[in-house]
Amino acid sequence: TDYMPLAYYSRPPLAERIMMLLDPPGALKAVGTYTVELQTLALKPYLPLNLEEFSAFRTTHGRFLLFSSGTSWDWWPARLAREGHIVKLREEIGGKRLYEVELRK
């Protein structure tokens with residue numbers, strides 16, 4: 001839910017680097033629904049959204065920064081850590097967190 005305003009309001013050089021990772025089965029397991037993923041995918045024909053399935057993303061990105069709002073919908077940090085990836089907190093401001101993630105092979 002934080003992806004849309006970040007992608008829409010960021011200047012082009014930054015907006016091109018902001019991506020929303022998708023994993024509907026993972027979302028269903030983590031929060032009981034994949035509504036956010038489906039709604040975002042439905043907007044793709046109308047907005048310049050940078051969306052990628054996690055399974056494809058992980059093959060080309062071994063390290064990346066992960067923005068986390070800390071809400072119950074934001075399940076990525078816990079999932080990545082549970083899977084054994086390195087998830088380091090780099091900064092926290094007002095409950096929002098920025099993690100550095102290194103994916104294990």
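Reckoned from all heavy atoms, side chains included, excluding hydrogens, waters and symmetry mates.
- In this structure, the ring of Phe64 has its center less than 6.0 angstrom from the ring center of Phe57.
- Within 6.0 Å of CZ in Arg11 there are 12 or fewer heavy atoms belonging to other residues, nucleotides or ligands.
- Atom CD of residue Glu52 and atom CZ of residue Arg58 lie 12.5 Å apart, to the nearest 0.5 angstrom.
- Nearest heavy-atom pair, Leu51 versus Lys44, reported as atom, atom and distance to 0.1 Å: CD1-CD, 3.7 Å.
- Among all heavy-atom pairs drawn from Glu53 and Pro24, the shortest one is OE1-CD, 4.0 Å.
- Looking only at distances, no side-chain donor or acceptor of Arg79 sits under 3.5 Å from a matching main-chain atom of Ala27.
- For Phe54 and Trp76, the gap between ring centers is short of 6.0 Å.
- Look at Glu92 and Arg97 and you find a salt bridge, because one of the NZ, NE, NH1 or NH2 atoms lies within 4.0 Å of a carboxylate O, short of that distance.
- Remark: side-chain polar atoms of Asn50 are paired, donor with acceptor, to backbone N or O of Ile18 under 3.5 angstrom.
- Ile93 and Phe67 are members of different hydrophobic clusters when ILVMFWY side chains are connected at heavy-atom separations under 4.5 Å.
- Cluster membership check: Leu49 shares its hydrophobic cluster with Leu14, using side-chain heavy-atom separations under 4.5 Å among Ile, Leu, Val, Met, Phe, Trp and Tyr.
- With hydrogens and angles ignored, the 3.5 Å screen pairs no side-chain donor or acceptor of Ser10 with any backbone N or O of Ala7.
- Here the options are Leu89, Leu98, Val87, Asp74, the test is side chain to side chain contact (heavy atoms under 4.5 Å, CB included), and the partner is Ser68; only Asp74 passes.
- Taking CG from Leu6 and CE from Met19, the interatomic distance works out to 14.0 Å, rounded to the nearest 0.5 Å.
- Residues His85 and Leu103 approach most closely at ND1-CA, 3.4 Å, considering heavy atoms.
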